Amino acid sequence: MRTRAPFHFLLLWFPTVLLAQDVQVRIYAAHPPSSLDVTAIEGQLHWKSCPTCQEQTGQQLSVESATASASAKARPTEFLITGIYQLRPPDGPTFSSPFPLRIETPPGGLIVIVAMPTEQYVQHVLMAESGIFQNPEALKAMAVAARSYANKFTGQHSREGFDFCDTTHCQVFYWRSVTERIRVATEATRGEYLSYQGKAAATFYHQNCGGTTAAASETWAQVPEPYLSVHPDPFCLTTGGFHWKTTLTHEQIDKALRAAALEPPQNWQALEITSRSSSGRVRTLNLFGGKPASFGFSGSSLRFAVDRMLGRNKIRSDLYALRDSGGSVVFSGRGSGHGVGLCQAGAEEMAREGKTYKEILSFYYPGTQVVTSESETWQKRSDERFDLISVDPGADSAVFPVAEHILSEAENIVGWHVPFRVRLQVFSTLDSYRNGTGQPGWVAASTRGQTIRLQPLAELRRRSILESTLRHEFYRLLVEARAARKAPLWFREGLTLYLSSPTVPGAQPSLLTVEQMEQILKHGDTRENTEKAYICAHRIVADFVQRNGKQAVLGWLSDGLPADLFRSSAGIPALTPHNRADKPPLEKPQ
């Protein structure tokens, strides 16, 4: 009888790219709340105060920011929360979500971070950034631009522990429920983004260019992208180019500049434009008549300073003329925003005239291409111990009771507990699994962090390996949660294989040194050599258990392997005779 080798285990050495990647969004970024009530909308909340802490459940959790006098040991510094919940601060909007939540509690205000799939993030951005759009094609163009921005700038706040804030610094994030027209536009362009020379494009956008787009370098010197160029926009002009006028007193301008850490001359008398960019926008200005007599600064510095102090409806763009009447300045301008990239007013007019969303994108980002990430329509369902990420959660949620039974059984056998909620990601096709994980089709599952990524359940059932696959991955989680940092990979993999299947495969490969096994499992090799390394690791750990007992071998995960396990001359673990490939003394493989 031929024994099937259990090669549906984790292979760490394959490159992994998760296309349905979550983005970390900090909400309440502009006004961090001092406290927050988290209330379950459905079921219960699940939370921990650290990744390995004991999980707690309940209907409501109240979180407060630490005070400067509070002891660091007296209260948790963070909360990791899952469930379907509503956030309610003392002041400000409520927010409802089914996505994982992290709340940090430093003095000065809570840091609230939601992890959500990119497509849901795009929907919330569109709700905030697409108020003027009436035509579906313009809305679809905006969806692609927002998704491209997310792809390009993911990790913009990585040093602070998240990807994006919810303010104009990144993309504005709308709090309330998403409308059907936004869902339709997002779904119609699902996974599509703009690419330039094989990389995601920097798809900046603005409300109204005033008839001429700006080059990116006019606002950001470090962004010289050729597709963000100056060109006339007749579509924006069709709707009038948005003319505006604002009067500001010298006192208001002076106060705004000082608040922006600029130091204008005392008692300056006049403001003048001294240079313009190639798009006609104000590049530099000067203050005259004070001490010192001349003070130069950029047009964008003035606009940003006035925006922060007096509001964005004052100096709406850098495309303006001015008249200083002594004591006050009259600004007469066109457009709204920086003018770089997609003009929302022009895009809406193009759509009204029958242009498609791809034609709109081509006009505002010339030279770019619409490509597809091939991501799937992921949805989430949860039970007491698992989060399911699936294209068809209605069908795939049948895995819950099977997974619960196998995980509980594994925990009872080793006497340990998985210290976190396990995420099961089920792919809908073999192609999407291979593309989404980087694994070959003969690897039935792979684990990354707390997520077990599975081939389609129907395929695993057809091959009669669903239960054995889950069993192996759960033991993998248990082993990794217990292992010391220096525990060798070949030992961790061999122990995982032994726990999930104590019977060693019948075929006996030639023995490998621990160095050879470690090299193959860490860095990859042919399928034949990889299978050989796993069988060898499995057999060696089985021999360890027979000679030393299972509890002793489990203890080596955290305590380290005994030194006398190895033949110092060959680097091969010493084996009992019945497990050797042959009766003569072992020789080092060449």
Side-chain angles (χ1 to χ4, degrees), residues 4-12 14 16-22 42-43 46 82-84 98-100 117 119-120 190-191 373-411 413 418 420-480 496-497 499-501 527 534:
R4 178 191 296 140
F7 293 118
H8 45 269
F9 37 67
L10 167 70
L11 293 183
L12 291 176
F14 278 94
T16 55
V17 178
L18 185 58
L19 296 177
Q21 182 67 50
D22 287 354
E42 296 180 19
H46 303 263
T82 59
I84 303 175
F99 302 116
E119 293 301 315
Q120 276 65 42
R190 174 167 291 275
S373 65
E374 300 180 353
S375 60
E376 300 194 64
T377 312
W378 298 105
Q379 301 178 55
K380 177 182 175 182
R381 288 200 181 172
S382 302
D383 74 349
E384 290 299 315
R385 297 205 62 183
F386 300 96
D387 294 323
L388 173 67
I389 309 299
S390 168
V391 175
D392 186 5
D396 289 338
S397 59
V399 76
F400 281 142
V402 179
E404 175 62 38
H405 172 75
I406 294 173
L407 179 56
S408 297
E409 181 182 66
E411 290 173 329
I413 288 174
V418 173
F420 46 76
R421 289 180 64 78
V422 179
R423 195 181 225 200
L424 302 173
Q425 183 179 19
V426 179
F427 286 81
S428 61
T429 66
L430 286 175
D431 282 343
S432 66
Y433 172 81
R434 284 189 287 260
N435 293 335
T437 66
Q439 306 287 4
W442 53 274
V443 177
S446 67
T447 296
R448 187 172 70 176
Q450 300 175 13
T451 301
I452 297 172
R453 302 174 298 176
L454 297 157
Q455 288 188 7
L457 298 186
E459 174 66 15
L460 298 179
R461 291 191 184 100
R462 184 187 67 80
R463 295 161 58 191
S464 300
I465 59 170
L466 173 59
E467 290 79 7
S468 59
T469 298
L470 289 171
R471 184 174 295 108
H472 179 274
E473 300 305 322
F474 290 152
Y475 276 119
R476 182 80 177 93
L477 292 176
L478 287 163
V479 166
E480 289 301 310
T496 299
L497 285 165
L499 291 172
S500 57
S501 179
R527 175 175 179 175
Y534 274 97

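From a predicted model like this one, the values you see are computed outputs, not experimental measurements.
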- Query: Counting N and O atoms only, with roles assigned by atom type, does the side chain of Arg421 sit under 3.5 Å from a partner on the main chain of Asp383, one being a donor and the other an acceptor?
  - Reply: yes
- Query: Is a donor on one side and an acceptor on the other found under 3.5 Å between the side chain of Ser397 and the backbone of Pro393?
  - Reply: yes
Does [X] reach the side chain of [Y], with side-chain heavy atoms less than 4.5 Å apart?
{"X": "Ile452", "Y": "Thr469", "result": "no"}
{"X": "Arg471", "Y": "Glu409", "result": "yes"}
{"X": "Leu470", "Y": "Val399", "result": "yes"}
{"X": "Val418", "Y": "Phe474", "result": "no"}

Hey, what do you get for [atom1] ([X]) to [atom2] ([Y]), rounding to the nearest 0.5 Å?
{"X": "Glu119", "Y": "Gln379", "atom1": "CD", "atom2": "CD", "value": "12.5 Å"}
{"X": "Thr447", "Y": "Leu424", "atom1": "OG1", "atom2": "CG", "value": "9.5 Å"}
{"X": "Arg453", "Y": "Gln425", "atom1": "CZ", "atom2": "CD", "value": "7.0 Å"}
{"X": "Ile84", "Y": "Lys380", "atom1": "CD1", "atom2": "NZ", "value": "8.0 Å"}
{"X": "Ile413", "Y": "Ser408", "atom1": "CD1", "atom2": "OG", "value": "11.0 Å"}
{"X": "Gln455", "Y": "Arg462", "atom1": "CD", "atom2": "CZ", "value": "9.5 Å"}

- Message: Please give me the minimum heavy-atom distance between Pro456 and Val426, naming the atom from each residue.
- Response: CA-CG1, 4.4 Å
- For Gly394 against Arg381, the heavy-atom pair lying closest together: CA-NH1, 3.6 Å
- Item | side chain to side chain contact (heavy atoms under 4.5 Å, CB included) partners for Thr496, two or more places apart | His472, Tyr475, Arg476, Val479
- Query: Among all residues two or more places apart in sequence or in another chain, which pass the salt bridge (Lys or Arg N to Asp or Glu O under 4.0 Å) test with Arg385?
  - Reply: Glu411
